[in-house]
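Have a look at the structure below before the remarks.
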Amino acid sequence: MLDLKEIAKNFDAVVARLNDRGGALDLSRFSALFGERRQLNIELEAKQATRNKVQDTLKSADNETRKTVGAQMKALGQEIKDAEGRLKALEDQLNELILNVPNVPHESVPKGQDEHGNQCVRTWGEKPNLLFTPKQHFELGEKLGLLDFERAVKVSGTRFAFSKGALARLERALTAFMIDEHTRQGYLELLPPYLVTRASMTGTGQLPKFEADAFKTAGERELFLIPTAEVPVTNFHADEILEQPLPVRYVAASPCFRAEAGSAGKDTRGLIRMHQFHKVELVKFAHPDRSFEELEALTRDAASILEKLGLHHRVMLLCTGDMGFASAKTYDLEVWLPGQNAFREISSCSCFTDFQARRAKIRFREKAGDKPRLVHTLNGSGLAVGRTVVAILENYQREDGTVALPKVLHPYMGGLTELLPL
RNA sequence: GGAGAGAUGGCCGAGUGGUCGAAGGCACCUGACUCGAAAUCAGGCAUACCGGUAACGGUAUCGUAGGUUCGAAUCCUACUCUCUCCGCCA
């Protein structure tokens with residue numbers, strides 16, 4: 001959520017920058033609503049002040065005056081009630097409007113319509129030198145007997161999968177490896193709830209705008225399956241004034257659940273786009289003056305996993321048109337997939353400035369005794385585990401369809417060094 | 001699933017119709033004392049919005065939404081959440 005005063009003060013500039021994101025954003029109602037609200041608020045407060053003054057005199061008044069003056073006050077009370085109702089209605093409208101407005105892109109973000117406007121910041125490693133036609137990960141997985149989509153369809157429908165044997169273990173090993181690495185880098189491990197309230201989903205910006213993308217429980221108690229650990233972990237500090245020194249850093253592994261509304265027909269084969277996948281997530285609560293430096297560090301922390309796994313990748317600075325709703329600046333890590341002959345997103349690292357902090361009321365004090373200020377929140381995948389499995393399968397495949405495993409994972413695999421047919 | 005209790009400031013906690021933005025304590029800030037610290041003493045210390053260059057003034061906020069009343073932290077209703085006990089359960 002943006003700062004209302006800030007929008008009012010720099011309306012044209014804010015609108016211009018928001019429009020860089022593309023899409024038809026209509027803020028035309030804002031100024032009228034904002035002005036109307038202010039006017040009504042002034043009138044209302046004047047009435048309330050009158051009432052309070054009269055009531056003060058009534059405290060010690062006799063019954064007679066209490067009766068007559070009281071009757072007059074009743075009329076004023078009704079006026080106040082009406083004004084309050086109208087103010088509430090205005091505020092609701094303003095609120096609904098503003099909750100659906102995305103974050104303002106940072107000045108360092110390039111303008112662009114879609115992913116073609118993204119800029120490659122750096123690349124790491126090289127494409128593996130495969131002397132045969134590389135297979136896609138799902139072919140490899142199914143041939144090895146380690147990946148079963150058909151039974152997943154029977155059990156859960158499309159966009160689910162069973163992993164078996166060493167491949168299932170690989171997913172678990174990767175999760176443990178990533179958490180260990182990030183813990184070493186100074187992130188505190190958190191095991192979060194996988195179901196969260198509407199308030200939490202609103203706090204991080206998934207709601208109200210993207211309700212169709214979320215899975216929701218059907219019972220009398222409304223809960224949402226988390227689309228990412230970002231939601232519970234960021235809201236971990238909702239409604240708090242942080243006492244510990246910034247940045248505060250967490251790492252959390254969780255399953256992620258996404259309805260993926262509107263993505264029918266995209267990546268229908270394989271593990272790339274699932275209704276459920278595992279992800280290790282990094283979350284930072286940072287000082288507002290240093291949040292963009294923290295984004296650089298966060299991105300490096302995420303990329304370090306790809307480096308340790310020996311996976312060729314590039315770092316993309318997303319353009320205005322390709323960024324997520326709440327983000328002010330985003331780097332995507334894209335890993336090379338030989339089977340697809342393409343780079344695919346495996347991590348997304350974003351700085352949200354105070355956009356989420358304002359919604360979720362996450363603050364800190366510059367120093368003891370100071371007024372609380374909003375923190376800046378950041379997060380990034382470190383990494384999407386399912387897609388990391390895909391990357392390992394495709395990059396470490398051999399001509400016979402077996403797959404080598406990166407050295408750093410061997411201890412996590414109980415000494416297993418390759419994936420063989422089941 | 002059954003029974004009960006509760007939700008007040010950064011935290012704990014008092015407060016049953018106006019004198020309450022709210023006692024007291026903790027934490028925190030400033031000053032005094034001290035070589036320094038601790039202890040002690042004095043003072044300060046909620047948030048948001050509106051008006052004002054400012055000093056300052058005003059309004060709202062005691063889980064949420066309604067209601068009663070001239071007036072609600074306090075009374076009534078509904079809702080949400082939390083806790084305790086019993087049952088069940090990984």
TODO: Can you tell me, in whole Å, how much space there is between the C1' of B/C45 and that of B/G31?
DONE: 15 Å

Task: Centroid separation A/Phe177 to A/Tyr412 less than 6.0 Å - done: yes

- [ ] May I ask you to say whether A/Arg159 pairs ionically with A/Glu260, meaning some side-chain N is under 4.0 Å from a carboxylate O?
- [x] no

- [ ] Grab the CZ-P distance between A/Arg51 and B/G71 for me, whole Å please.
- [x] 7 Å

Open item on the list: If I pick the P atom on B/G21 and the same atom on B/C12, what distance separates them, to the nearest angstrom?
Closed with: 23 Å

TODO: Can you tell me, in whole Å, how much space there is between the C1' of B/G13 and that of B/C26?
DONE: 10 Å

Task: Heavy-atom closest contact (A/His313 atom, A/Ala303 atom, distance) - done: NE2-CB, 3.9 Å

Task: Gap in Å between the two C1' atoms, one belonging to B/A7 and one to B/A73, rounded - done: 12 Å

TODO: Kindly determine whether A/Glu230 and A/Thr204 satisfy side-chain hydrogen bond (donor to acceptor under 3.5 Å, both in side chains), including the steps that lead there.
DONE: CA-CA 8 Å; A/Glu230 158 194 353; A/Thr204 30; 4.9 Å; no

Task: Rounded C1' spacing from B/G52 to B/G43 in Å - done: 28 Å

TODO: Take atom NZ of A/Lys53 and atom C1' of B/U19, then tell me their distance rounded to the nearest Å.
DONE: 19 Å

Task: Distance, rounded to the nearest Å, where A/Arg198 contributes CZ and B/C81 contributes P - done: 13 Å

Name the pairs: protein N/O against N/O of nucleotides 43-54 of chain B, kept only if under 3.5 Å.
unit_1: B/G51; atom_1: OP1; unit_2: A/Arg38; atom_2: NE; d: 3.3

TODO: May I ask you to check whether A/Phe355 and A/Phe325 place their ring centres under 6.0 Å from each other?
DONE: yes

TODO: Round to the nearest Å and state the distance from A/Leu242 atom CG to B/G10 atom C1'.
DONE: 12 Å

Task: Aromatic plane relationship, A/His275 with A/Phe160 - under 30° parallel, 30 to 60° tilted, over 60° perpendicular - done: tilted

TODO: Could you work out the separation of B/G71 and B/U19 based on their P atoms and round it to a whole Å?
DONE: 15 Å

- [ ] Report yes if the distance between the aromatic ring centroids of A/Tyr250 and A/Phe236 is under 6.0 Å, otherwise no.
- [x] yes

Task: Residue mapping more 5' on RNA chain B - nearest nucleotide basis, A/Arg66 or A/Gln48 - done: A/Arg66

Open item on the list: What I want to find out is whether A/Lys88 reaches A/Asp92 closely enough, with some N-O distance under 4.0 Å, to be called a salt bridge.
Closed with: yes

Task: Worked check of side-chain hydrogen bond (donor to acceptor under 3.5 Å, both in side chains) between A/Thr234 and A/Asn379 - done: CA-CA 9 Å; A/Thr234 304; A/Asn379 68 54; 4.6 Å; no

Open item on the list: I need the residues from residues 77-104 of chain A with at least one non-hydrogen atom less than 4.0 Å from RNA chain B; give them sorted by number, or say none.
Closed with: A/Lys81

Open item on the list: Using whole Å, what does the distance between atom C1' of nucleotide B/G9 and atom CD of A/Glu240 come to?
Closed with: 16 Å

Open item on the list: Working to the nearest 0.5 angstrom, can you tell me the gap between A/Leu144 CG and A/Lys164 NZ?
Closed with: 11.0 Å

Open item on the list: Distance check needed: B/G17 P versus A/Leu58 CG, whole Å only.
Closed with: 19 Å

Open item on the list: Any side-chain N or O of A/Asn52 below 4.0 angstrom from OP1/OP2 of B/G71?
Closed with: no

Open item on the list: One thing to verify: whether A/Arg198 and A/Glu211 come together as a salt bridge, which I'm taking to mean a side-chain N less than 4.0 angstrom from a carboxylate O.
Closed with: yes

- [ ] Whole angstrom is fine here: how far is it from CE in A/Met73 over to P in B/G18?
- [x] 19 Å

TODO: Report the residue (A/Arg221 or A/Leu44) whose heavy-atom-nearest nucleotide on RNA chain B is the more 5′ of the two.
DONE: A/Leu44

Task: Check ion pair A/Glu418-A/Arg398 (N to O, under 4.0 angstrom) - done: yes

- [ ] Treating a pair as Watson-Crick (purine N1 to pyrimidine N3 plus N6-O4 or O6-N4) or G-U wobble (N1-O2 and O6-N3) with both distances under 3.5 Å, list the stems of 3 or more consecutive pairs that involve RNA chain B.
- [x] B:1-7 with B:80-86, B:10-12 with B:24-26, B:28-32 with B:40-44, B:46-51 with B:56-61, B:63-67 with B:75-79

Open item on the list: I'd like to know if A/Glu281 and A/Lys279 make a salt bridge, using a cut-off of under 4.0 Å between side-chain N and carboxylate O.
Closed with: yes

Open item on the list: Give me the distance, rounded to whole Å, that separates B/A65 from B/U8 when you measure between the P atoms they each carry.
Closed with: 16 Å

- [ ] Quick one: label A/Gln55 by what it contacts on the DNA or RNA (base, sugar-phosphate, nothing), any heavy atom closer than 4.0 Å.
- [x] base

Task: Rounded distance in Å between the C1' positions of B/G44 and B/A60 - done: 24 Å

- [ ] Give the rounded distance in Å between these two atoms: CD of A/Glu243 and C1' of B/C28.
- [x] 9 Å

